[in-house]
Amino acid sequence: MQVDTLLTGGTVVTMDPQRRVIDAGAVAVAAGKIVAIGTALEIGAQVQAAEVIDCADKIIIPGLIDVHAHAGHGLIKSIGMHGGDRWEDICGEVYTQASPPEFWYAEARLAALERLRFGVTTGVSLLGGGDTIMRTDDPAYAAAHCRGVVEVGTRSMVAVGPTRAPHPRPYADWETGEQRHYEVSFEQQMQTSREIVQAWHDTHEGRIQIAMLYPVLRDEHEKEMPPADYATACQQAQLVHAYARERGLVFTQDGHWRGSIRRAEKLGLLGAETLLSHCIDLHADEIDLVAASDTKIAHNPSANASIMGRCPAIELMAAGATVALGSDATAPDRSGDMLRHMQQAMHYHRTHFRDASVLPIGKALEMCTIAAARALGMDSRIGSVEVGKQADLTVVDLRRAHLYPPNMPVHRLVCFANGNDVDTVLVGGQVVLRDGQATRVDEAAILEDARVQAAQMIARIGGQGDLALPLDFWG
């Protein structure tokens, strides 16, 4: 059999239903898909490959998947993080007032490059931040993000949708080099979202997916919003969810907490297409609601929300729910390194239960491979090393001091590896990272563009003071 690429000699962690781990294994790829898996000896005898990648002393895993992060955050990161709510305020200002398409393009390429270097082949990116501010006043911003991701070669599920009621909401653009202010209605944001779906969903060989988003409605919104605004917000959430279900899209919400899942259930927002993030301090009946409705959970163990409360991921999985890992990157103190977040998740829940056997190593890996693919409705395409699936593969170099001696490779991977140990990445059968370097883009040019756009953004918002060390930085 003639194939395009043969990865051979490494430990293959399939994440298939049998959770096979093949020592001295091989994976053959043709036309973007996996066509054969087995030992290097048996597969080598069956195929002729145009390219052979030697994976000796390495481990081959499914491309890692990040089910919750934010587009835009990559150029803000830690700015203003010591100033109380200042970091959130900066996000809101930048995403509505100070971010032309060039900002979104530069940030998308930077974030996609970070993911790629860390072996993350697929990631969800909410087109904005805070729990409500989306850049959906015009399709140009999402288009800029999508173009950037496609150039780097990873996959992105871009979540778009309206801001929370009331409307209109003030926005601004920089088309002429000067700031132009205008107001945006719910209807305009929905029309923008529909145009984004029409232009980009499931395009570029499936590398771009679009999801729909409406901000979470929590107890404080019901108590503090004017009744008419709250009623409007409930109706809008239902409209956005109905559109997602009609188009076969994922519907996602960012920031569920104490009682908000009960409210979502009453509004009819739960279901197999729904992905809810954070989900801290849930009531027992909310765990049951999630499991019974096949609603998916994006657990972000490194996020600030997981400091404020606990996501009962262990209890959710015990009830039968799908729980996947997200980075919530890069907001404001965490990266997109999913190996780091696996380790954080294990320690997070083991500390809570005071039991080192909680969240086994293989389960943590599942949460950002096959379970993550299931959470995105993409488990028939990606998430495991199986014949017929897209060849999204991450190869980690185990010949490192912190990963030696060369035994128990899956333990070494999950407990000790970090994103900088990633050597090779394939997405849809194409080698997009080789020897730790991106193959499709100029990494130095991406970094320089990010520097320029970040500097312009800081100048627009007068944020130079937010870069200084606070008085209590050293304790």
> Which heavy atom in Gly32 sits nearest to a heavy atom in Asp4, and how many Å separate them?
N-OD2, 4.5 Å
> Test Asp219 against Arg258 for salt bridge (charged side-chain N to carboxylate O under 4.0 Å, His left out), laying out the working first.
CA-CA 8 Å; Asp219 289 350; Arg258 295 193 297 227; over 6 Å; no
> Quick check: closest heavy atoms across Arg135 and Ser99, and the distance to 0.1 Å?
NH1-OG, 3.0 Å
> Is any side-chain N of the basic residue among Asp397 and Arg400 closer than 4.0 Å to the acidic one's carboxylate O?
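A salt bridge links Asp397 with Arg400.
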> Considering only heavy atoms from C-beta outward, does the side chain of Val120 approach that of Ile65 to under 4.5 Å?
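Not in contact.
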> Just say parallel, tilted or perpendicular for the rings of His68 and His278, cut-offs at 30° and 60°.
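Aromatic pair His68/His278 classed perpendicular.
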> Is there a donor-acceptor contact under 3.5 Å linking the side chains of Gln344 and His347?
no
> If you measure only the distance, is there a donor-acceptor pair under 3.5 Å linking the side chains of Thr274 and Lys296?
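No, no side-chain donor-acceptor pair sits under 3.5 Å.
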> On the 0 to 90° scale, with breaks at 30° and 60°, tag the His241-Phe251 ring pair as parallel, tilted or perpendicular.
perpendicular
> Are there over 12 heavy-atom neighbours, none belonging to Lys33, within less than 6.0 Å of that residue's NZ?
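12 or below, so no.
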> For the rings on His73 and Trp87, is their centre-to-centre separation under 6.0 Å?
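Centroid distance His73-Trp87: below 6.0 Å, so yes.
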> Hey, what's the ring geometry for Tyr348 with His299, parallel, tilted or perpendicular (30° and 60° as the breaks)?
tilted
> Taking the side chain as every heavy atom from C-beta outward, state whether Lys58 and Val395 have any atom pair closer than 4.5 Å.
yes
> If you count every heavy atom of other residues, nucleotides or ligands that lies below 6.0 Å from Gln48 atom CD, does the total exceed 12?
no
